[in-house]
Structures are given as C-alpha cells and as structure tokens.
Amino acid sequence: MAQQGNFKSPSRLGALGEGAPVSSSGSVPGGKPRDGGLKGVDFERRSFLGKIVGGIGAAVAISTLYPVIKYIIPPSETATSVKELVVGKASEVPLKGFKIFQFNKDKILVVNDNGKLTACSAVCTHLGCLVHWDNAQNLIACPCHGAKYKQTGEIISGPQPLPLASFKVRVEGEKLIIAKA
Amino acid sequence: MAENNQNASAGNIPAKPKPAAPGAAKPASPGAAKPTTPVASKPAASTSGVYKPPVDRPDPNPYRDNRVSPLGAWFQERFYAVIPIIDYLKKKEVPKHRLSFWYYFGGLALFFFIIQIVTGLLLLQYYKPTEAAAFASFVFIQKVVPYGWLIRQIHAWSANLMAMMAFIHMFSTFFMKSYRKPRELMWVSGFILLVLTLGFGFTGYLLPWNELAFFATQVGTETPKVLPGGALLVSLLRGGEDVSGETLTRMFSLHVVLLPGLILLLLSLHLTLVQILGTSAPIGYKENGMIKGYEKFFPTFLAKDGIGWIIGFALLVYLAAVYPWGIGVQANALSPAPVGIKPEWYFWAEFQMLKDLKFEGGELVAIILLTIGGLVWAVVPFLDRKASEEQKSPIFTLLGLGVLAFLLINTYRVFAEYGW
C-alpha cells in the first residue's frame with residue numbers, strides 16, 4: 001500500500017524525515033530519502049485513484065447509513081381506527097366529575113355534569129397537556145398555561161389556538177360508548 | 001503597574017500600554033515610557049528608581065509558526081501541550097517480517113467492538129429489558145422495525161467475530177512472545193479484555209429472552225454452585241434463586257453499563273500501551289536480520305488496518321444476511337429444556353471439560369483447574385523469564401500449544417456431538 005498522506009502539503013513534507021529512520025519510508029525503498037522519491041510520484045494518477053477510492057468510500061458510507069437512519073425512524077403504528085368503541089362502564093365517570101379514556105389514538109375527556117355526559121378531546125390545543133373538568137367553575141381547565149374551555153370544548157380564554165375536538169358519548173345499559181363526532 | 005508610572009495619566013498615552021504579542025519577549029517596563037511618547041519603547045530603568053529586568057519568557061506556543069491550515073493552527077494554539085505526544089505517536093513504526101500478518105487481528109477485534117457499540121446503541125432504542133416485554137420487543141426489532149433484523153444479526157455476528165479475533169490476537173501475541181518485557185501489562189490488560197468480551201457474550205445471550213437463552217443462562221449460572229460460597233455467587237448473578245425477570249435485569253445492566261465501562265477503561269490502557277511501547281517483533285528477528293523494514297503506523301499501517309476492517313465488515317454483512325441467528329421460542333420457566341442445549345462456541349471447551357469430569361466433585365475440580373489455568377495464563381509474562389531476556393523459551397511455546405490444543409480439541413468434540 002502506498003503512502004496515503006498528502007504529499008503536496010508543506011506541513012506533511014516538513015514532518016517527513018523527522019525522527020523516522022530512512023528505511024521506514026513506506027513504499028519508498030529502504031535508504032532512499034523521501035524527497036528523492038517524490039520525483040517519481042505521478043500526481044495525476046494518484047489524484048484519479050484518490051477520487052475512485054473516495055467515491056467507493058462514499059457509496060459504502062451511504063449504504064451503511066441508509067439502514068441505520070431507516071432503523072431509528074420509529075415504524076408507524078398500524079392499529080386500526082374504529083368509529084365507535086365501548087371504553088368502559090358508565091359508572092366509572094363520577095357524578096360532577098370526569099374521566100379520561102383512550103379512543104383509537106385520541107384521549108377523550110368524558111364529563112358527567114349532573115348526569116349529562118359530554119365528551120371532547122382531553123389534549124389541550126396549546127402544548128398538549130391533558131385537561132380536567134373544574135366542577136366549581138363549570139369549565140374545562142388546563143393546569144399548564146391556564147387555558148379554559150367550555151364543557152363542549154369551545155374556547156373561553158387562554159393561549160390555546162383551537163377548541164377541543166368534540167366526540168359523541170352515550171350509555172347503553174352499563175356500557176359507556178364513545179363515537180366519532 | 002501604575003504605582004511605578006507616575007506620569008501614566010499625563011499626555012495621551014493609555015494608562016496600560018497594549019501588551020506585546022504573546023510569545024514575544026515583554027518590554028522591560030511600561031513604567032519607563034515617556035509621557036509624550038506614544039509607545040513604551042525605552043526599556044530603561046524607571047524614574048522611580050525601581051529596576052525591572054527584561055523578562056525573557058519561553059515561547060508559550062512554539063508551534064504557532066507551523067505551516068498548517070488556519071483551523072489546524074487554531075487547535076494547535078490551544079492544544080500545543082499535546083502536540084509533542086502526537087509527534088511521538090507519529091513516530092510509531094511497525095516492523096515488517098514474515099509474521100506481520102498476525103498484527104492485524106487486534107485491530108479487527110477493536111473494529112468489531114466498535115460495531116458492537118454502534119449496533120448495541122441502536123438495539124437499545126427498541127429493546128425492553130423486562131420479563132414481560134423482552135421477547136416481544138426482540139421480535140418487534142426482528143420483524144417490524146425497518147432493517148431491525150440486519151442490526152440484530154450484525155450485533156450477534158459481530159459479537160462472535162470479536163471473540164474470535166480476540167482469541168486469534170491472543171494466541172498470535174503469545175507465540176510471538178510479544179508479552180515479554182516491557183509489554184507485560186499489555187498482555188495482562190489484553191487478557192482481562194478477553195474475559196470481559198466473554199462476559200459480554202454471556203450476559204448478552206439472555207437478552208432475547210428465548211428458550212435457548214433462558215436455559216443456557218440457567219446452566220451457566222448454576223456452575224459456580226459447587227464452589228464454597230457458590231450459592232451466594234449464583235444468587236448474586238441471578239438476582240434470586242432461579243433464573244427469572246430479575247436475572248434479565250441484572251444481565252442487562254451488566255451488559256450495557258458495567259461491562260462497557262470496564263472494557264473502555266481497559267481498552268484505553270491497552271491502546272495507550274500499544275502506542276507508547278510500539279509493536280513488538282518476535283525474538284531474534286532483529287538480530288538475525290529478519291526484519292524487512294519498518295512502516296509508519298500513521299498512516300501506512302492504519303491504512304492497511306483499514307483494508308482489514310473493510311474485509312471484516314464485508315464478511316460481517318455477508319454472515320448476517322446469509323446465516324441469520326434464529327428468533328426461537330419465548331422463554332418459559334415451566335417448560336422443559338430443549339434437547340441439545342449448549343453454550344456459545346467460545347465456552348465449548350470448558351463445557352466439554354465439565355462434562356468429562358463425571359466423578360463426584362468433578363465439576364469443582366474442573367472449575368479449580370480452569371481458574372488456575374486462567375491465572376497462570378494471565379501472568380505468563382512474569383513467568384517466562386527467558387523471553388524477557390530476549391531468549392527463546394520453548395517451554396512456554398509448548399504450554400501455548402497445549403492450551404490451544406485443549407481449546408480446539410474440546411471445541412471440536414462439542415461440535416461433533418451437537419453440531420453448530
């Protein structure tokens with residue numbers, strides 16, 4: 001293997017010959033000073049070979065990095081989305097209280113306002129905190145930055161840009177069913 | 001400074017003259033400046049009578065005039081203290097002779113270790129080290145994550161190749177007697193690195209949490225029980241009496257925290273010693289003129305090492321794609337052990353020895369013999385006095401051949417009985 005150093009670099013040339021015995025000169029035959037050996041170096045051919053090696057190296061690097069990048073991107077979840085779902089029992093939502101249920105990929109806030117059930121997204125549209133039902137003030141509140149919503153999800157005040165998405169909720173016997181609006 | 005310069009505030013010169021460029025000898029006394037002169041040019045005694053001799057400090061950065069790129073110069077200015085070290089390392093040379101080929105295997109072991117770090121980090125992104133989720137996450141990596149199968153197969157194959165390269169490197173340095181003075185600690189650190197590598201293999205084997213892994217760990221952690229106080233050691237390894245989710249947690253923490261930390265420490269020591277002490281030539285080669293010359297480590301030998309690494313990488317990808325390791329069946333503590341269960345190939349020789357010593361207390365004898373053998377092997381540089389005096393030591397060559405024969409024959413016997 002020939003010397004791979006940059007022969008054109010003055011600093012590299014400066015380093016040559018320092019400390020190393022003359023016999024230790026890579027492809028240059030033993031005893032021959034390095035500067036003398038440079039006369040026989042075909043820089044054009046060397047540069048061409050350098051480009052070929054660099055190109056192959058780049059191809060190998062890309063084909064190595066491609067699977068790695070594909071790997072670290074999490075695979076998309078393939079869970080099927082349903083129109084409506086029995087999420088639990090109606091008794092799980094206390095009177096004048098609330099409970100958050102998972103429905104497909106959404107988190108749904110079900111409020112029991114004196115027996116009147118309403119459902120809307122539980123994810124604040126500001127920065128994604130989960131909201132709660134404030135029974136004293138009769139509104140939905142986000143504790144993170146003070147967003148306030150009506151029971152139906154409409155904006156009252158706060159930094160949130162959008163209202164909470166609403167969902168349908170009904171009770172069949174004991175079953176609590178959430179459906180897309 | 002000002003107390004020596006009564007006229008400092010007079011005229012239009014600054015109170016504190018601009019300091020000289022770093023590296024240049026400082027002017028003798030700024031206080032000596034005349035009020036009307038714009039620069040402190042006269043290095044004479046000040047009018048106050050306090051004499052300040054010229055200060056001739058050594059150049060803080062003797063490398064600043066080196067012909068390097070501006071970026072290189074920027075770093076040189078800040079790291080000039082380590083430049084002599086780099087210059088020293090640049091002078092490292094590798095002897096060329098008919099056994100030079102064997103010099104590449106240490107580098108290959110290092111290469112496969114780097115692959116292990118990278119693929120291990122990638123596997124950690126999806127692996128869940130709990131009894132309930134380990135196998136499912138392992139299957140998820142293999143079947144769902146894009147190229148997850150490739151990453152896992154490369155990790156598994158690279159582990160085997162790393163152990164293989166470490167063994168080859170160890171025996172080649174042994175037979176070339178490279179461990180002799182002054183490289184004793186290189187040998188000892190290398191031996192500990194091999195033990196840590198085997199530890200990686202053992203702890204990593206359980207992580208897929210399949211049947212094979214479960215029972216291999218069951219057998220492996222059961223073995224020390226015959227030792228005095230062995231029951232405690234076994235329960236320490238298992239995190240309880242039996243192999244369970246607790247064992248998985250322990251093996252996982254050892255595999256990804258403790259062992260990597262230890263191996264990095266030892267590897268730093270090993271590689272630093274390699275750089276400081278250089279590459280050894282076999283005994284008598286210099287005296288008999290068998291050295292064909294020397295090549296620089298940077299960049300010639302490293303470039304050749306690189307070729308070895310490329311070949312190793314190609315082999316690794318080929319093995320991972322063509323000979324994939326199985327997924328197996330999820331571990332179940334209440335199912336019988338699968339027929340033909342055996343450890344990884346690098347434990348086969350010891351496994352066969354344990355099987356051979358069937359008499360009462362045979363396992364204890366085997367463990368004692370293996371421990372003594374390992375310790376003797378670790379301190380060989382201190383026993384082989386002849387090699388340290390640059391004389392041939394055929395007794396130790398025979399010892400090495402004996403150890404190699406023991407490993408190869410017993411490994412082959414397991415292979416002949418169980419297959420791959």
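Convention: sequence-line order gives letters A, B, ...; per-chain numbering from 1. It should be emphasised that the depicted structure is a prediction, and the values quoted were computed from it without experimental measurement.
Looking at heavy atoms from C-beta onward, B:P146 lies in side-chain contact with A:P75 at the 4.5 angstrom threshold.
For residues 99-121 of chain A, the salt bridge (Lys or Arg N to Asp or Glu O under 4.0 Å) pairs, not counting sequence neighbours, are A:E92-A:K99. For the disulfide (SG to SG under 2.5 Å) condition, the pairs that include at least one residue of residues 134-181 of chain A, sequence neighbours left out, are A:C129-A:C144. Evaluation of the disulfide (SG to SG under 2.5 Å) test over residues 60-99 of chain A, restricted to residues two or more places apart or in two chains, returns none.
Summarising the geometry, atom OH belonging to A:Y71 is positioned 4.5 Å from atom CD1 belonging to B:I141; distances are rounded to the nearest 0.5 Å.
For A:K180, the NZ atom sits in a packed shell: over 12 heavy atoms of surrounding residues, nucleotides or ligands are nearer than 6.0 Å. No more than 12 heavy-atom neighbours from other residues, nucleotides or ligands sit within 6.0 angstrom of CH2 on B:W102. Enclosure of atom CD in A:E44 is not indicated, since only 12 or fewer non-hydrogen atoms of other residues, nucleotides or ligands lie within 6.0 angstrom.
Interface remark: B:F301 contributes no atoms to any contact with chain A (heavy atom separation under 4.5 Å).
Contacts between residues 112-127 of chain B and chain A, counted as heavy-atom pairs separated by less than 4.5 Å, involve B:L122, B:L123, B:Y126.
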